[in-house]
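These figures come from a predicted structure and were not determined experimentally. Values reported hereafter were calculated over all heavy atoms of this structure, with side chains retained and with hydrogens, waters and symmetry mates removed.
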Amino acid sequence: MPENNATAKQSWARQRGPLHWLKRHKKLVIVLAIIIAVVAFIVSSCMRAAEAVSSVLAYQFVRTTTLQKTSLVNSVSVNGTVASGSKASVTASDSVKTCKVTSVNVAVGDTVRLGDVIATLDTTSIEKQLQSAQENYGDTVQDAAKSYLHSVEDQSTNLTQLQEDLDKARQDYDTLGLTDVYASMQNADGATGNARELVEYYYGMYTEQIAGLENTIANLQIQITQAQSDGTPERQQELQGQLQDYQNQLSVAKAQCSIPELGLQGFDTIAQYYSKIEQLKQALDAAQRAYDNAATSNARQVDSAGTQLERAQRDPDTLTDLQTSLEECTLTATMDGTITELNATVGSVCSGTVATIQDVDDLTVEVTIPANTVGQLTPGMQCKITSDATGSTEIAGTLTRIDPVANKDGAFGATVSVNGADSGLLIGIPAQVEIVITQKDNIFTVPRDAVGTAEDGGSYVLRRTGGEGVDMTFEEVDVTTGNSNDYYIEISGDSLNEGDVIRSSSDMTQGIETANASDPFASMMGGGSMSVQVTGPSDGGPGGGGGAPGGEGGGPGGME
């Protein structure tokens with residue numbers, strides 16, 4: 001039994017072994033062998049080709065640049081649209097927007113002057129309203145004028161009567177009723193004063209004299225009463241005699257009082273006239289107050305009537321508005337320039353801008369400046385403008401405005417004014433603007449990589465001293481660096497001269513390999529030969545010319 005098992009195992013191994021599998025899959029094995037052979041051939045060919053190419057890449061060269069006086073520009077380039085620096089719109093006011101156009105006097109492209117008629121509107125309705133308003137205005141002014149004249153007449157009448165009353169009161173006060181005597185006094189040569197003043201003077205003088213006698217009489221009467229009380233008849237009789245004597249003196253004194261100028265005699269008569277003075281003074285004051293009050297009241301009435309007349313004579317708002325509307329029916333140019341847009345036709349209603357006027361000789365370029373460069377720019381910087389309409393011609397411009405606030409995209413709007421007229425630019429076309437941040441002329445520049453840093457921190461460049469191609473030799477020359485842009489840097493030094501050949505890279509290990517041999521693949525495949533040449537980039541940068549192996553690089557370009 002064990003022998004049978006061993007025999008069976010051997011038989012199974014022969015059926016499942018590698019040789020058995022190869023016999024069963026001969027075609028597959030053959031295909032795999034062919035694929036492996038092809039892959040090995042290709043790999044071997046590539047390795048041989050690489051070795052062949054490597055064998056011919058044996059020549060190296062370096063880039064150089066020749067010093068010459070040039071300009072170094074540091075600038076920012078932006079895009080924009082040409083616009084007019086002076087632009088105005090001709091529009092119909094709200095009060096005439098319902099009026100139809102009766103004539104259009106211009107066409108797009110016409111040149112106009114300030115005040116030229118662009119279009120006219122129908123004024124029929126406005127003229128009717130204006131006529132009615134003028135009639136109402138005339139009636140109002142006429143009524144106000146009548147009222148003013150009446151108030152002036154009333155003032156004159158009232159004040160005339162009151163003035164007469166005031167003059168009469170003043171005369172009565174001055175004359176005390178002695179009109180005839182007063183008139184003769186006024187007409188007498190050298191006369192001074194008036195009746196009242198004379199009465200006041202004499203009354204004061206006589207009163208003082210009379211008062212002394214009256215006081216003496218009063219004292220005697222007191223003494224007589226005391227004597228009666230004391231029971232001394234002799235004393236009483238003596239005092240009675242003195243009293244009678246002074247009473248007689250008082251009577252004589254009063255009788256002798258007179259004002260000869262007025263023909264007044266006696267103290268009592270003079271006192272009578274003197275007592276009138278206060279009454280007449282009160283009457284004069286009352287007349288003066290009446291006159292003053294009437295003058296003030298009438299003056300106010302006249303002033304009020306005058307103000308009403310002045311207001312009435314002013315054009316009312318309605319009349320002024322209608323006159324303005326009538327004038328606004330003639331639409332005129334608001335500036336000198338060219339009609340670039342016209343939206344008016346006869347019979348239509350002007351609801352918006354009727355015409356757009358632009359100065360085609362005063363142009364700007366409206367540009368947008370990125371936020372990362374706006375900080376380098378300031379108004380007044382010079383610009384170079386180009387467009388498809390002007391080809392390669394550069395047009396001078398000036399940066400005149402930068403928005404203080406960024407737009408929704410985070411950029412800043414700005415305006416570049418075109419210097420001079422007849423630039424060839426056209427309103428509305430796109431334009432490219434190079435904003436010059438700095439520009440230095442008549443200087444030496446080299447690629448930035450051409451400047452190396454010495455151990456002492458100074459700067460140097462490598463200047464060719466001899467040789468050609470890969471055999472060129474160089475020397476270090478100390479330089480001072482200045483302005484730079486993205487590609488070039490200014491250098492200066494006492495030993496630098498125009499025509500010096502400077503290595504474009506201060507790193508002596510840098511060079512560019514070239515190959516020029518038959519294509520190894522073509523040889524191996526039995527085909528023709530193919531020339532292969534690998535060259536390095538020109539050292540001119542954007543805007544510069546390319547360099548040839550062992551030759552000179554291009555000039556400096558602008559900075560974007």
Side-chain angles (χ1 to χ4, degrees), residues 140-215 218 250 253-314:
T140 301
V141 172
Q142 185 176 3
D143 292 342
K146 289 180 179 179
S147 177
Y148 176 74
L149 291 176
H150 289 161
S151 64
V152 171
E153 291 173 357
D154 292 343
Q155 180 189 45
S156 177
T157 301
N158 293 338
L159 293 182
T160 298
Q161 183 60 49
L162 290 171
Q163 184 66 56
E164 291 177 358
D165 294 343
L166 178 61
D167 293 341
K168 179 65 169 59
R170 182 176 292 110
Q171 184 181 25
D172 290 344
Y173 176 63
D174 290 338
T175 65
L176 303 180
L178 303 172
T179 307
D180 294 340
V181 177
Y182 173 74
S184 64
M185 289 176 60
Q186 292 295 98
N187 295 329
D189 293 336
T192 59
N194 53 44
R196 172 180 53 78
E197 291 172 342
L198 286 174
V199 169
E200 289 175 339
Y201 169 75
Y202 281 105
Y203 178 80
M205 181 179 65
Y206 291 144
T207 298
E208 185 177 356
Q209 297 175 2
I210 298 300
L213 294 173
E214 288 179 340
N215 286 336
L250 178 61
K254 285 185 176 181
Q256 290 178 348
C257 289
S258 66
I259 303 177
E261 297 89 343
L262 301 178
L264 299 178
Q265 188 67 37
F267 181 78
D268 291 340
T269 301
I270 295 173
Q272 180 182 359
Y273 278 97
Y274 181 80
S275 65
K276 290 182 179 181
I277 292 176
E278 183 61 28
Q279 296 176 359
L280 294 173
K281 178 65 168 62
Q282 292 177 359
L284 175 60
D285 291 343
Q288 186 67 59
R289 286 193 300 271
Y291 180 86
D292 292 342
N293 292 338
T296 301
S297 175
N298 283 279
R300 288 176 179 172
Q301 294 176 4
V302 172
D303 288 344
S304 177
T307 300
Q308 294 298 326
L309 176 59
E310 182 181 354
R311 290 177 179 175
Q313 289 173 334
R314 297 174 187 169

In chain order, what residues pass the side-chain contact (heavy atoms from CB on, under 4.5 Å) check against [X], with sequence neighbours excluded?
{"X": "Ala286", "value": "Arg289"}
{"X": "Thr296", "value": "Arg300"}
{"X": "Ala253", "value": "Ile210, Leu213"}

Tyr203: partners by ring pair (Phe, Tyr, Trp, His ring centres under 6.0 Å), with sequence neighbours left out =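 With neighbours one apart ignored, the set is Phe267, Tyr274.
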
For [X], give me all partners under side-chain hydrogen bond (donor to acceptor under 3.5 Å, both in side chains), at least two apart in sequence or on another chain.
{"X": "Lys146", "value": "none"}
{"X": "Asn293", "value": "none"}
{"X": "Asp167", "value": "Gln163"}
{"X": "Asp143", "value": "none"}

Excluding sequence neighbours, so at least two apart, what forms salt bridge (Lys or Arg N to Asp or Glu O under 4.0 Å) with [X]?
{"X": "Asp285", "result": "Lys281"}
{"X": "Glu214", "result": "Lys254"}
{"X": "Glu200", "result": "Arg196"}

Side chain to side chain donor-acceptor pair (under 3.5 Å) partners of residues 147-157, not counting sequence neighbours, each pair once |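 Qualifying pairs: none.
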
